[in-house]
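Notes follow once the structure below has been shown.
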Amino acid sequence: MNLELSEQEQIRRNSLTELNALGINPYPAESFPVNVTAQAILTDYNSENHHAFQDVTIAGRIMTRRIMGAASFVDLQDSTGRIQLYIKRDEICEGEDKTLYNTAFKRLMDIGDIIGVSGYVFITQMGEISIHVKSLKLLSKSLRVLPVVKEKDEQVFDAFSDPEVRYRQRYVDLIVNPEVREVFVKRTRLVNTMRNFLSSKGYLEVETPILQPLYGGAAARPFKTHHNSLDMTLYMRIANELYLKRLIVGGYDGVFEFSKDFRNEGMDRFHNPEFTQMELYVAYKDYEWMMDAVEEMVERIAIDLHGTTKVQVGDNEIDFKRPWKRFTMFEAVQHFTGVDISEMTEDELRATCKKFNIETNESMGKGKLIDELFGETAEAKLIQPTFITDYPVEMSPLAKKHRSKPGLVERFEAICNGKELCNAFSELNDPIDQRARFEEQLELGKRGDDESMVLDEDFLRSLEYGMPPTAGLGIGIDRLTMIMTNQQSIQDVLFFPQMRPEKASVVTGATDEEFVALGIPSEWVPVLRKAGIKLPSDLAESNPNKLLHELSGLRKKLKLEIPSLRLEEVSAWCGK
RNA sequence: CUCUCGGUAGCUCAGCUGGUAGAGCAAUUGACUCUUAAUCAAUGGGUCACAGGUUCGAAUCCUGUCCGGGAGACCA
């Protein structure tokens with residue numbers, strides 16, 4: 001017997017033994033073929049077609065029970081929803097033996113247990129579509145107590161809401177909070193829509209290395225790991241851009257990848273150390289084309305998920321209907337501040353930053369300063385989807401120089417709800433220029449920017465063979481999901497967000513062996529701990545009379561089947 | 001890393017200026033054959049996150065630690 005268990009867990013374990021004793025296997029091996037779902041019954045059943053629901057079999061989890069003597073109502077939850085069961089004693093126990101109802105169902109089954117039932121569908125006097133149960137089978141006994149969430153008239157009572165437990169025990173969250181399950185269904189639909197969209201255009205979905213000898217394609221600190229046989233450092237990818245471009249060099253016209261990327265940076269409600277991006281590269285296209293493609297794709301996702309281009313996100317209604325607003329970066333800054341920074345020198349930019357209380361440091365070049373200005377003055381104010389185009393060349397080492405605007409590159413980001421949604425450019429395919437850009441990055445690195453990009457010789461070699469003009473895109477799946485499902489935190493769109501490890505249950509005090517060495521029978525050791533005795537010194541300080549009383553009390557209370565104690569024994573433990 | 005709020009029963013939460021812990025749901029026992037936040041009666045259930053300190057006495061005050069939320073910093 002485990003004294004660490006709560007009273008209710010103890011009771012459920014006892015029920016398990018009793019079920020076994022009754023010949024009811026709490027974990028049967030054979031399959032249980034269902035022929036209907038809760039959702040199907042609730043939507044399809046009506047007075048005309050009730051004959052089609054005379055013999056339904058369904059399985060799910062008991063979520064609430066209302067027992068009224070010889071009849072009971074149970075809310076059964078399957079993957080599609082909840083359906084009420086009407087269970088009558090004399091229906092599920094036809095003969096004299098009422099054990100299955102009186103003992104097994106009423107006493108030994110609990111909220112959280114998974115059962116399978118057969119019966120017919122009917123409508124109760126209160127007008128609720130329900131299943132009149134003819135037979136019932138336990139499919140899995142639940143040993144832990146589920147949080148019970150009650151609901152009436154759309155109002156939820158005692159919602160299971162502690163974020164820590166919800167994220168650590170997502171399975172519980174999913175069981176009791178159906179809207180959470182729905183968010184993740186939407187996430188998958190979003191990905192499917194995107195995949196279908198890209199596949200139908202003939203682009204090839206590919207996989208590229210996650211473990212990379214050099215990390216590239218973005219500016220971020222990587223996770224570092226080590227390969228034993230090769231005895232070399234490997235990095236978890238921060239992006240897959242450089243590999244996908246190698247595939248464009250190889251002759252594919254369009255490639256894309258849904259990729260888990262890893263960045264060793266701070267965590268907040270928009271950042272998780274591992275996250276998902278979709279990167280797309282299409283040959284013979286430019287960033288103008290890519291803007292149209294993004295609009296089309298995201299608009300389609302909104303329609304697939306919501307049936308409309310309008311999506312409620314927090315207090316804002318966001319409309320993804322094409323075409324989206326387009327601003328150059330300079331126009332955006334001017335629009336929100338009235339200041340034209342397009343012709344400014346580095347010193348002027350630094351002064352402008354100061355004017356807007358934006359911190360700067362020596363490692364920031366002209367491009368970084370412009371980006372800061374944009375980020376601080378404009379980005380958060382862009383709620384409706386907006387393309388920001390034409391970024392400074394200094395901070396876009398993989399983008400092609402603008403066809404007509406010196407100092408800028410052909411790059412855009414889509415901003416939505418004040419946050420970056422995607423990043424794209426006309427890809428730089430001039431190998432000489434690319435090498436020069438990498439070298440500039442190395443210079444920035446020397447100035448103290450610890451996220452500047454590293455030079456990838458093999459990638460440069462591939463460009464030297466010749467890469468067609470290409471448009472490339474990276475789109476954050478987590479953030480897009482947050483917007484499309486109206487979630488405030490990235491943790492709410494990841495099944496298992498990163499967390500610090502749970503505190504291991506602290507085993508303070510002496511080990512079992514130490515207590516046994518003092519002559520204490522091993523079966524009494526847990527009881528002793530329960531009584532608050534954690535160390536041999538606790539024994540020495542306690543009153544044997546009082547301790548005996550307490551231990552005997554616990555023995556009785558916990559119904560322990562171990563030999564009782566005499567005062568002399570307890571005194572001996574205490575050294576008295 | 002900084003600031004801030006929090007951690008009390010399985011869940012949601014009370015617990016004031018220190019006096020050894022309370023409610024609802026859940027559980028147990030009983031009643032109840034159309035209930036639905038079922039109802040009625042009785043009962044049990046706690047390492048008050050952890051470790052120190054102050055005190056005659058700490059869930060409560062102080063210090064430190066752990067875990068989490070929020071806001072920053074960082075991260076385009």
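Numbers restart at 1 for each chain; the letters A, B, ... are given by sequence-line order, proteins then strands. Small disclaimer: the values here were computed from a predicted structure and weren't measured.
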Here the distance between atom P of rA76(B) and atom CD of E241(A), to the nearest Å, is 14 Å

Validation row, ring centre F73(A) to ring centre Y86(A) under 6.0 Å: yes

Give the ring-plane orientation class for F327(A) versus F336(A), where under 30° counts as parallel, over 60° as perpendicular and anything between as tilted. perpendicular

When both hydrogen-bonding distances must be under 3.5 Å and the geometry is Watson-Crick or G-U wobble, what is rU60(B) paired with, if anything? none

Rounded distance (Å) that lies between atom P of rC75(B) and atom CG of N272(A): 18 Å

Would you measure the distance from the P atom in rC66(B) across to the matching atom in rA58(B) and give it in whole Å? 25 Å

Please give the distance between the C1' atoms of rA14(B) and rU33(B) as a whole number of Å. 39 Å

Counting the atoms with a prime plus P, OP1 and OP2 as sugar-phosphate, which does G266(A) contact under 4.0 Å by heavy atoms, base, sugar-phosphate, or nothing? base

D113(A): what forms a side-chain hydrogen bond (donor to acceptor under 3.5 Å, both in side chains) with it, not counting sequence neighbours? K141(A)

Looking only at heavy atoms, which two atoms of M63(A) and R82(A) are closest? And how far apart? CE-NH2, 3.4 Å

Which of L408(A), D390(A), T389(A), I388(A) passes side-chain contact (heavy atoms from CB on, under 4.5 Å) with M329(A)? Answer is I388(A)

Expressed as a whole number of Å, how far does the P atom of rA51(B) sit from that of rA73(B)? 37 Å

Nucleotide opposite rU65(B) in a Watson-Crick or G-U pair, distances under 3.5 Å: rA49(B)

Write down the partner of rC32(B) under the Watson-Crick or G-U wobble criteria, each distance required to be under 3.5 Å. none

N264(A) CG - rC75(B) P separation (whole Å): 14 Å

Please give me the minimum heavy-atom distance between S72(A) and F105(A), naming the atom from each residue. OG-CE2, 3.5 Å

Shortest non-hydrogen contact from E241(A) toward E427(A): OE2-OE1, 3.1 Å

Using whole Å, report how far CG of L421(A) lies from C1' of rA76(B). 15 Å

Base, sugar-phosphate, or nothing: which does S396(A) touch, judged by heavy atoms less than 4.0 Å apart? nothing

Of the options rG68(B), rU12(B), rC32(B), whose atoms approach the side-chain atoms of M499(A) most closely? rG68(B)

Looking at R144(A), I'd like to know if its CZ atom is crowded, meaning that more than 12 non-hydrogen atoms belonging to other residues, nucleotides or ligands lie closer than 6.0 Å. no

Presence of Q491(A) side-chain N/O under 4.0 Å of rG69(B) phosphate oxygens OP1/OP2: yes

Report, one pair per line, the protein and nucleotides 1-6 of chain B atoms (nitrogen or oxygen only) whose separation is under 3.5 Å.
none

Is there a Watson-Crick or G-U wobble partner for rA26(B) with both distances under 3.5 Å, and which nucleotide is it? none

Please state how far atom CG in N14(A) lies from atom P in rG45(B), giving the value in whole angstrom units. 16 Å

When both distances are under 3.5 Å in a Watson-Crick or G-U wobble arrangement, the nucleotide paired with rU20(B) is none

For rC62(B) and rG70(B), measure between their C1' atoms and round to the nearest Å. 26 Å

Can you tell me how far P in rG10(B) sits from the matching atom in rG19(B), rounded to whole Å? 24 Å

Pairs: protein N or O with nucleotides 33-35 of chain B N or O, under 3.5 Å:
{"unit_1": "rU33(B)", "atom_1": "O4", "unit_2": "D90(A)", "atom_2": "OD2", "d": "2.8"}
{"unit_1": "rC34(B)", "atom_1": "O2'", "unit_2": "Q125(A)", "atom_2": "OE1", "d": "2.5"}
{"unit_1": "rC34(B)", "atom_1": "O2", "unit_2": "Q125(A)", "atom_2": "N", "d": "2.6"}
{"unit_1": "rU35(B)", "atom_1": "O2", "unit_2": "R66(A)", "atom_2": "NE", "d": "2.7"}
{"unit_1": "rU35(B)", "atom_1": "O2", "unit_2": "R66(A)", "atom_2": "NH2", "d": "3.3"}
{"unit_1": "rU35(B)", "atom_1": "O2", "unit_2": "Q84(A)", "atom_2": "OE1", "d": "3.4"}
{"unit_1": "rU35(B)", "atom_1": "N3", "unit_2": "Q84(A)", "atom_2": "OE1", "d": "3.0"}
{"unit_1": "rU35(B)", "atom_1": "N3", "unit_2": "Q84(A)", "atom_2": "NE2", "d": "3.0"}
{"unit_1": "rU35(B)", "atom_1": "O4", "unit_2": "Q84(A)", "atom_2": "NE2", "d": "2.7"}
{"unit_1": "rU35(B)", "atom_1": "O4", "unit_2": "T124(A)", "atom_2": "OG1", "d": "2.9"}

Please report, rounded to the nearest Å, how far the C1' atom of rA9(B) is from the CZ atom of R144(A). 15 Å

What residues form a side-chain hydrogen bond (donor to acceptor under 3.5 Å, both in side chains) with K400(A), not counting sequence neighbours? N429(A)

Determine, for nucleotides 20-28 of chain B in 5'-to-3' order, which nucleotides have protein heavy atoms under 4.0 Å from the base (write B), from only the sugar-phosphate (write S), or from neither (write -). ----BSBSS

R411(A) NZ/CZ over Y391(A) ring centroid, <6.0 Å and within 45° of normal: yes

Quick one: is rG68(B) close enough that its OP1 or OP2 comes under 4.0 Å of any side-chain N or O from R168(A)? yes

According to salt bridge (charged side-chain N to carboxylate O under 4.0 Å, His left out), does anything in residues 151-164 of chain A pair up with another residue at least two apart or in another chain? List the pairs. E164(A)-R168(A)

Can a side-chain donor-acceptor contact be found between R237(A) and Q277(A) if the only test is distance below 3.5 angstrom? no

Value in whole Å for how far the P atom of rG45(B) lies from CD of Q10(A): 14 Å

To the nearest angstrom, how far is F270(A) atom CZ from rA71(B) atom P? 8 Å

When the C1' atoms of rG15(B) and rG6(B) are compared, how many Å lie between them, rounded to an integer? 16 Å

Rounding to the closest angstrom, what is the interatomic distance between rA26(B) and rA9(B) at atom C1'? 10 Å

rC75(B) pairs with which nucleotide, Watson-Crick or G-U wobble, both distances below 3.5 Å? none

Quantified in whole Å, what is the P atom distance between nucleotide rG46(B) and nucleotide rU2(B)? 38 Å

Among side-chain atoms of Y167(A) and D492(A), is any donor-acceptor pair under 3.5 angstrom? yes

Side-chain H-bond candidate by donor/acceptor type, N417(A) with N316(A), under 3.5 Å: yes

For R82(A), answer base if it contacts any base atom (sugar-phosphate contacts may also be present), sugar-phosphate if it contacts only those atoms, and nothing otherwise; contact means non-hydrogen atoms under 4.0 Å. nothing

By nearest nucleotide on RNA chain B, pick out whichever of R411(A) and S161(A) is the more 5' one. S161(A)

Base-pairing mate for rA38(B) - Watson-Crick or G-U, with both contacts under 3.5 Å: none

